[in-house]
Amino acid sequence: MARKLGATAATDGAVADHRVRFLVIGAGVSGLATAFRLGQAVGGDVLVLEKERHVGGLCASVRHDGTSFDLGSHRIHEQSSSRAMGLLREVLPERMLVNERGGRLRLLDTYIDYPITSAQMFRALGWGESLRCGASLALSRARALARSFTDSNVPANYERYLLDRAGERAYRLFYEPYARKVWGCEPSEISITAVKKRVSMAGPAGFLKDVAGRYLGRADPQRYYYPPGGIGTLPEALERHVTASGGRCVTGVEVCSIRSARGEVAVRYRRKDRGTHETAVADAVVSTIPLDELFRLAAGEAATPPGTTFSSSSSASSVSSRGQDPVPEGGNPGKGGCALVEWTGLRLAYLRFDRPPLLDGETFYFPELKYVFGRVSVPQRYSPRPVSGGGHWLICEVPCGARRETPSLSTRDLEERCIAGLVEAGLVRAGSHFDASASFVVDMQKVYPVYRPGWEAEVERLLHVLAERHPQVYASGRPGLFLHNNLDHSIDIGLALAEHLLEGGSARAWYARLSEFHGMRLRD
């Protein structure tokens with residue numbers, strides 16, 4: 001049961017509007033998983049604050065003209081942990097669909113099944129290009145070996161790592177444009193962390209296994225799980241369970257400050273609908289907002305620079321109408337002492353056509369720079385949900401790196417660039433009817449962390465300072481721990497933190513597990 005309101009040292013003598021044992025900032029999947037498990041243990045002594053008027057963060061549902069959409073492409077991988085799958089089965093109202101992966105990657109004007117195997121890449125490139133890539137790889141390996149005996153100061157970054165291990169030809173063909181598209185900066189400015197988390201490189205044994213499995217018919221199809229009503233039904237179900245246990249989820253709030261004293265934490269926030277300020281005092285606070293934002297709040301600085309606001313597991317998202325300027329992307333977060341905590345965003349173009357895509361598959365990947373989008377998904381192939389007004393939808397995910405033009409494109413220009421790319425890629429037939437009145441764009445900030453060399457030390461420094469000044473504040477989740485991970489990883493982290501809190505674990509002990517969380521391998 002929630003405790004009585006009253007004066008508390010943490011608020012410097014002010015009266016708290018809410019007094020709870022646990023307070024969670026951010027109602028994304030990780031924050032809600034923590035609140036869900038805490039609520040099962042302590043009932044109504046849990047309060048969740050969310051900036052948006054809905055829960056979900058990156059997994060929220062976008063509702064437009066009577067239709068519900070995901071924020072881009074989401075799936076629950078069959079390799080998910082048993083703990084994450086247990087939670088999903090416990091809270092989701094409907095049994096999940098089991099779909100076979102139908103991803104396709106376009107490279108050199110050819111589509112390859114995705115996720116890629118070595119055998120598929122070999123067939124797609126052809127004998128000539130494959131031999132050139134092989135010769136380039138052998139030369140790069142020889143040069144790297146020679147350099148290891150003569151130069152111990154070779155920079156460790158994305159570019160050098162892949163030049164040495166993939167060869168220059170493969171690097172220029174695939175990995176270099178991919179880095180420029182996703183992060184919007186020079187590949188030499190990216191840490192090798194980005195390689196190890198995202199890029200799977202098969203050695204000779206792996207190559208032979210791929211080939212044998214493909215040609216002997218022993219390659220098992222990859223599957224994934226998907227809620228019939230969309231990914232957004234997961235955070236919505238978690239919210240219902242938190243409320244049913246006696247907890248509260250308050251949406252549409254802006255956190256203004258975090259103060260700690262005498263073993264308590266006071267969180268002051270503004271209710272946007274009422275324009276009023278309230279203060280909640282808790283024994284422990286879980287923050288799933290971006291780490292740099294939390295650091296500024298906890299340091300007593302301005303919560304957000306002009307034009308940016310808080311969200312749960314990403315920065316703000318908003319829907320843009322045609323012809324309007326996009327929401328500005330968050331500025332360089334180097335201000336406030338977070339020099340290497342930097343993010344890129346996404347612009348999601350939801351486009352409705354009169355005909356279905358020309359190719360089979362539910363997700364298409366485009367690493368080459370000639371396409372403005374990096375990924376395109378077909379929502380009606382994830383789940384046969386009803387679509388208001390009919391038509392066939394495509395969701396184009398457009399990366400917004402700091403040095404790219406995409407953040408400044410108007411909605412109309414972005415749609416036109418996407419349509420031209422879809423036609424060039426052979427997904428949409430030239431002359432297909434595009435329903436401009438129904439289509440829309442969602443702008444999202446701080447979606448992907450930019451792993452620059454030295455980011456590990458910077459994140460550890462920030463967490464050390466937070467633990468020193470606010471020992472009852474626990475950063476968590478994808479943005480709180482500067483993670484790029486999958487949905488099941490966020491669930492696992494949320495549940496692990498709930499167990500840690502119930503056992504009385506310290507923030508320092510929680511942050512000691514940072515390498516474990518960053519060691520989670522990303523699955524596309």
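Counting begins at 1 with the first residue of the sequence.
For an aromatic pair to be called close, the ring centres must be under 6.0 Å apart, and Trp343 with His484 fails this. The aromatic ring centres of His392 and Phe353 sit 6.0 Å or more apart. Between Trp183 and Tyr158, a ring centre-to-centre spacing shorter than 6.0 Å is recorded. If you look at Trp393 and Phe69, their ring centroids are closer than 6.0 Å.
Here Leu137 contributes atom CG and Ser130 contributes atom OG; the two are 12.0 Å apart, rounded to the nearest 0.5 Å. To the nearest 0.5 Å, the span separating CZ on Arg521 from NE2 on His489 amounts to 10.5 Å. Atom CD of Glu293 and atom OG of Ser287 lie 9.5 Å apart (nearest 0.5 Å). Note that OH of Tyr226 is 9.0 Å distant from CG of Asn99, once rounded to the nearest 0.5 Å. Distance check, rounded to the nearest 0.5 Å: CH2 of Trp510 to CD1 of Ile493 gives 6.5 Å. In this structure, Tyr114 OH and Leu105 CG are separated by 6.5 Å, a value rounded to the nearest 0.5 Å.
Of all heavy-atom pairs between Arg478 and Asn485, the closest is NH1-O, 3.0 Å. Nearest heavy atom pair, residue Val29 against residue Leu238, reads O-CD1, 4.2 Å. Summarising the geometry of Leu92 relative to Pro227, their closest heavy-atom pair is CD1-CG, 4.2 Å, with the distance given to 0.1 Å. Closest approach of Ile231 and Cys59 over heavy atoms only: CG2-CB, 3.5 Å. In terms of heavy atoms, Cys396 sits closest to Cys418 at CB-SG, 3.8 Å. In terms of heavy atoms, Ala498 sits closest to Thr34 at CB-O, 3.8 Å.
Counting heavy atoms from C-beta outward, Arg452 and Glu342 have side chains that approach closer than 4.5 Å. Side-chain contact between Val428 and Ile419 is absent, with no heavy-atom pair separated by less than 4.5 Å. Contact annotation: the side chain of Leu32 never approaches that of Val24 to less than 4.5 Å [non-hydrogen atoms, C-beta and beyond]. Side chains of Ser476 and Ser30 form a contact here, defined as non-hydrogen atoms less than 4.5 Å apart. Counting heavy atoms from C-beta on, the side chains of Leu145 and Arg141 never come closer than 4.5 Å. The side-chain heavy atoms of Arg101 and Glu362, taken from C-beta on, include a pair separated by under 4.5 Å. Contact of the Leu88 side chain with the Met85 side chain is registered, since non-hydrogen atoms from C-beta on lie closer than 4.5 Å. Looking only at side-chain heavy atoms (C-beta outward), Leu291 and Leu481 stay at 4.5 Å or farther from each other.
Asp443 places no side-chain N or O within donor-acceptor distance of the main-chain N or O of Arg347, the cut-off being under 3.5 Å. The closest donor-acceptor contact from the side chain of Glu78 to the backbone of Arg223 lies under 3.5 Å. No donor-acceptor pair closer than 3.5 Å links the side chain of Thr288 to the backbone N or O of Gly480. Judged by distance alone, with hydrogens and angles left aside, the side-chain atoms of Ser377 form no donor-acceptor pair with the main-chain N or O of Pro379 at under 3.5 Å. Remark: the backbone N or O of Arg352 is paired with a side-chain donor or acceptor of Ser439 at under 3.5 angstrom.
Between the side chains of Tyr371 and Glu424, a donor-acceptor pair is found at a separation under 3.5 Å. For the residue pair Arg75 / Thr363, a side-chain donor-acceptor distance below 3.5 Å is found, with atom types taken as modelled. Counting only N and O atoms by type, the side chains of Arg513 and His500 include no donor and acceptor under 3.5 Å apart. Between the side chains of Asn157 and Ser188, no donor-acceptor pair of N or O atoms lies under 3.5 Å. Residues Tyr382 and Ser73 bring a donor and an acceptor atom of their side chains to less than 3.5 Å of each other.
Surrounding CZ of Arg429 are at most 12 heavy atoms belonging to other residues, nucleotides or ligands under 6.0 Å away.
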- Hey, mind stepping through Tyr171 and Glu159 against side-chain hydrogen bond (donor to acceptor under 3.5 Å, both in side chains) and telling me if it holds? CA-CA 8 Å; Tyr171 173 77; Glu159 180 177 68; 3.3 Å; yes
- Task: Quick one: do Arg180 and Tyr175 satisfy side chain to side chain contact (heavy atoms under 4.5 Å, CB included)? Show the steps, please.
- Result: CA-CA 9 Å; Arg180 293 182 186 278; Tyr175 298 112; over 6 Å; no
- Query: So Leu495 and Leu87, side chain to side chain contact (heavy atoms under 4.5 Å, CB included) or not? Walk me through it.
  - Reply: CA-CA 9 Å; Leu495 296 177; Leu87 178 138; 3.6 Å; yes
- Message: Working note: Arg417 + Asp413, criterion salt bridge (charged side-chain N to carboxylate O under 4.0 Å, His left out); need CA distance, chi angles, decisive distance, verdict.
- Response: CA-CA 6 Å; Arg417 292 276 296 274; Asp413 290 340; over 6 Å; no
- Message: Could you go through Ser140 and Asp164, starting from their C-alpha distance and side-chain angles, then the distance that decides it, and tell me whether this counts as side-chain hydrogen bond (donor to acceptor under 3.5 Å, both in side chains)?
- Response: CA-CA 5 Å; Ser140 295; Asp164 288 347; 6.0 Å; no
- Message: Determine whether Trp455 and Val450 satisfy the following criterion, side chain to side chain contact (heavy atoms under 4.5 Å, CB included), listing intermediate values before the conclusion.
- Response: CA-CA 9 Å; Trp455 71 268; Val450 180; over 6 Å; no
- Task: Decide side chain to side chain contact (heavy atoms under 4.5 Å, CB included) for Leu358 and Leu427; before the verdict, give the C-alpha distance in whole Å, the side-chain angles of both, and the deciding distance to 0.1 Å.
- Result: CA-CA 5 Å; Leu358 296 173; Leu427 270 180; 6.0 Å; no
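With respect to the salt-bridge test (charged N to carboxylate O, under 4.0 angstrom), the residues Glu368 and Lys181 do not qualify. The pair Glu416-Arg412 does not count as a salt bridge, with every side-chain nitrogen at least 4.0 angstrom from each carboxylate oxygen. A salt bridge between Arg83 and Asp488 is absent, with no side-chain N of the basic residue lying under 4.0 Å from a carboxylate O of the acidic one. Salt-bridge annotation for Arg169 and Glu129: present, with a side-chain N of the basic residue lying under 4.0 Å from a carboxylate O of the acidic one.
By the 30° and 60° cut-offs, the orientation of the rings of His518 relative to Tyr451 is perpendicular.
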